[in-house]
Amino acid sequence: MTGSGGTGGRSSAGGRGGAGGGPAGGRGTAGAGDASRRNAKGRERNRGPQRNYTDQAPSQRTRRADPARLVAFEVLRAVAAEDAYANLVLPARIRHHHLDKRDAGFATELSYGALRGQGTYDAILARCVDRPLPQLDPAILDALRIGAHQLLAMRVPAHAALDQTVGLARAVIGAGPSALINAVLRKVAARSLDEWLDVLVEGETDATKVAALRYAHPEWIVRAMRQSLVAHGRPAAEIDELLEADNDAPVVNLVALPGLGSLDEALENGAAPGELVEGSALSSGGDLGRLASVRAGTTRVQDVGSRLVARALAAVDLGTAGQVGGTVSAPSAGDTEAWLDLCAGPGGKAALLGALAHQRGATLLANEPAPHRARLVSQALSAVPHDSWQVRTGDGRDVGAEQPERYTRVLVDVPCTGLGALRRRPESRWRRSPKDIADLGPLQRELLASALAAVRPGEWWPM
């Protein structure tokens, strides 16, 4: 979030909330002429100047949830209540509500923007609510965050943002909370984002706190990133550019599983060929679930970094790996290579490795300790012939002892804070704490030790 652009910028998709017809349109108005303002008994319902329903006539406000805003609300609820990943929930909700490309883009910006800017929006909302935010019902708070993002960082007219957010609340939360939401958002709408940021940082001398508010990051992350810049010989002043880059809307990267998928459909629908990795494309977003290859699982959304590391592992020549690791123990002729993804959830890299293993006549074991994430891994691998892979639900630290020197290639993507992927996982910044970093170190080392025990001698290749 920047003072001028908001979280993720003022998305052009926000323009769908303009005044006029349609569910995201502007305020309702009384009909033309005096007769339209009379009830069945002939009495005038509204004397004087025409009134704004959103501001003054509760009975006339929108009473249903606009599908795009409902999708965003459901995503925020899943993230908060179920510890879900927004990037996994959002496509499913878009398909469930049958959003077209335009509405899918609006729902995407609203979901990610509200999650990304949560800390700053909460600081603004705290100035507009007469009680501590933790005392609000979580669903009400999520609705307020959705309304705040529309008002402060999207090109949605204020009356449309108010009317539609209140309508969402009336439909899914209740009439009572909708009145509170209307009153709070009207206070939010009284200032622009820049004006609110000036109010929030007024008199604050701590540069870390100022940056945290202006760029919607927890203070501890701002402090850690500034220290990291200095430790790597970079000027501390670059922190603003780094935080701003975290808030840029990411480009969607697509990959076709080798030998199984094709990018033809994606390219025909506006995607551009990727330049860094073969079999990849860049998409402007929208509902990728409309693509048959995406629904089939043979084309997937996957970061470039994930693809590169999986392909690098598959590309290692086992005949020369021993030059680094020691004695070569490559499989003999006719022997099937066994590959291992030790920390496979939620399954993106495992799907690519599985497809590559299938091409080579190898097999893949994908290990994941959490049952619900193991199910995600199975779903990700479902497009790969089932005789090429297996999912193990268990502690990766045990694999090395249970299956020593079993695997020719091992990928160990240890659990981490995710702070390097905040653009693509906007909710991550609010889930982590400094304690997580201290707790993860020992676990990472134990998983690496297990991986080293599981790989055949001489076939470890440091990358």
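Keep in mind that the numbers below use all heavy atoms, side chains included, and drop hydrogens, waters and symmetry copies. What you see is a predicted model; the values in this text were computed from it and never measured.
- What you find for F106 and M154 is that their closest heavy atoms are CE1-CE, 3.6 Å.
- In terms of heavy atoms, A383 sits closest to L260 at O-CD1, 3.8 Å.
- Within 6.0 Å of the NE2 atom in H232, the count of heavy atoms belonging to other residues, nucleotides or ligands does not exceed 12.
- Between atom OG1 of residue T108 and atom CZ of residue R93 there is a gap of 13.5 Å, rounded to the nearest 0.5 Å.
- Taking all atoms of both residues into account, the shortest heavy-atom contact from P415 to L443 is CG-CD2, 4.0 Å.
- Every salt bridge (Lys or Arg N to Asp or Glu O under 4.0 Å) that E402 has, sequence neighbours left out, goes to R392.
- When all heavy atoms of L440 and T417 are compared, the pair lying nearest together is CD1-N, 3.6 Å.
- A distance-only check finds no donor-acceptor pair linking the side chain of D103 to the backbone of L99 [under 3.5 Å].
- Between R409 and L364, every side-chain heavy-atom pair lies at or beyond the 4.5 Å cut-off.
- Of the inter-residue distances, the one linking E275 atom CD with L282 atom CG reads 7.5 Å to the nearest 0.5 angstrom.
- The shortest side-chain heavy-atom distance between V89 and E82 does not fall under the 4.5 Å cut-off.
- Rounding to the nearest 0.5 Å places CD of E195 at 10.0 Å from CG of L152.
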Using atom types as modelled, flag every donor-acceptor pair under 3.5 Å from a side chain in residues 339-351 to any protein atom, sequence neighbours excluded.
residue, atom, partner, partner atom, Å
W339, NE1, E337, OE1, 2.9
K349, NZ, D413, OD2, 2.6

Kindly indicate, with the supporting measurements, whether the criterion side-chain contact (heavy atoms from CB on, under 4.5 Å) is fulfilled by V455 and T408. CA-CA 6 Å; V455 75; T408 54; over 6 Å; no
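- Distance check: D100 CG to I94 CD1 gives 10.5 Å after rounding to the nearest 0.5 Å.
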So D198 and R214, side-chain contact (heavy atoms from CB on, under 4.5 Å) or not? Walk me through it. CA-CA 9 Å; D198 289 342; R214 288 198 176 276; 3.2 Å; yes
Under the side-chain contact (heavy atoms from CB on, under 4.5 Å) criterion, do V172 and F73 qualify, and how do the steps go? CA-CA 9 Å; V172 299; F73 177 78; 3.8 Å; yes
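- Taking the side chain as every heavy atom from C-beta outward, H149 and R116 never approach each other to under 4.5 Å.
- For the atom pair CG (L200) and CD1 (I124), the distance works out to 5.5 Å, reported to the nearest 0.5 Å.
- S306 places no side-chain N or O within donor-acceptor distance of the main-chain N or O of Q302, the cut-off being under 3.5 Å.
- Scanning both residues, A451 and V410, for their nearest heavy atoms gives CB-CG1, 3.9 Å.
- Note on K435 versus D439: salt bridge recorded, some NZ/NE/NH1/NH2 to OD/OE distance being below 4.0 Å.
- Inspection of the Y112 and R423 side chains reveals no N or O donor paired with an N or O acceptor under 3.5 Å.
- With D137 contributing its side chain and A139 its backbone, the two residues share a donor-acceptor pair below 3.5 Å.
- Judged by distance alone, the side chains of H96 and E74 never bring a donor and an acceptor atom under 3.5 Å apart.
- A donor-acceptor pair under 3.5 Å links the side-chain atoms of S450 to the main chain of G396, judged by distance alone.
- Between T363 and S388 there is no side-chain heavy-atom pair separated by less than 4.5 Å.
- With a 4.5 Å cut-off on side-chain heavy atoms, Q444 and L447 do not count as touching.
- No donor-acceptor contact under 3.5 angstrom links the side chains of E368 and T393, judged on distance only.
- The backbone N or O of L115 sits less than 3.5 Å from a side-chain atom of W430, completing a donor-acceptor pair.
- A salt bridge links R431 and D83; the closest N-O separation between the charged side-chain nitrogens and carboxylate oxygens is under 4.0 Å.
- Remark: side-chain polar atoms of Q118 are not paired, donor with acceptor, to backbone N or O of E427 under 3.5 angstrom.
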Anything under 3.5 Å between a donor and an acceptor, one on a side chain of residues 221-229, the other on a protein residue two or more places apart or in another chain? List them.
residue, atom, partner, partner atom, Å
R226, NH1, T208, OG1, 3.0

Trace of the side-chain contact (heavy atoms from CB on, under 4.5 Å) decision for L197 with T120: CA-CA 8 Å; L197 290 172; T120 299; 3.8 Å; yes
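- A salt bridge links R397 to E446: one of the charged nitrogens lies within less than 4.0 Å of a carboxylate oxygen.
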Intermediate values then yes/no, salt bridge (Lys or Arg N to Asp or Glu O under 4.0 Å), D246 and R425: CA-CA 10 Å; D246 262 349; R425 296 180 181 174; over 6 Å; no
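- By the 4.5 Å heavy-atom criterion applied to side chains, V391 and L381 are counted as neighbours.
- Contact check for I437 versus W220: side-chain heavy atoms found under the 4.5 Å cut-off.
- To the nearest 0.5 angstrom, L70 atom CG is 11.0 Å from L110 atom CG.
- Distance alone, capped at 3.5 Å, places no donor-acceptor pair between the N253 side chain and the A281 backbone.
- Side chains of D66 and L168 form no contact here, defined as non-hydrogen atoms less than 4.5 Å apart.
- Counting only distance, with no hydrogens or angles, the side chain of H358 and the backbone of L356 share no donor-acceptor pair below 3.5 Å.
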Using the side-chain hydrogen bond (donor to acceptor under 3.5 Å, both in side chains) rule, take R373 and Y85 through it: C-alpha gap first, then chi angles, then the decisive distance, then the call. CA-CA 11 Å; R373 285 170 59 88; Y85 295 95; 2.6 Å; yes
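- Dense packing is recorded around CZ of R307, with more than 12 heavy atoms of other residues, nucleotides or ligands lying under 6.0 Å away.
- Residues L185 and L151 come closest through the heavy atom pair O-CD1, 3.5 Å.
- Side chains of R69 and Q150: a donor-acceptor N/O pair is present below 3.5 angstrom, by distance only.
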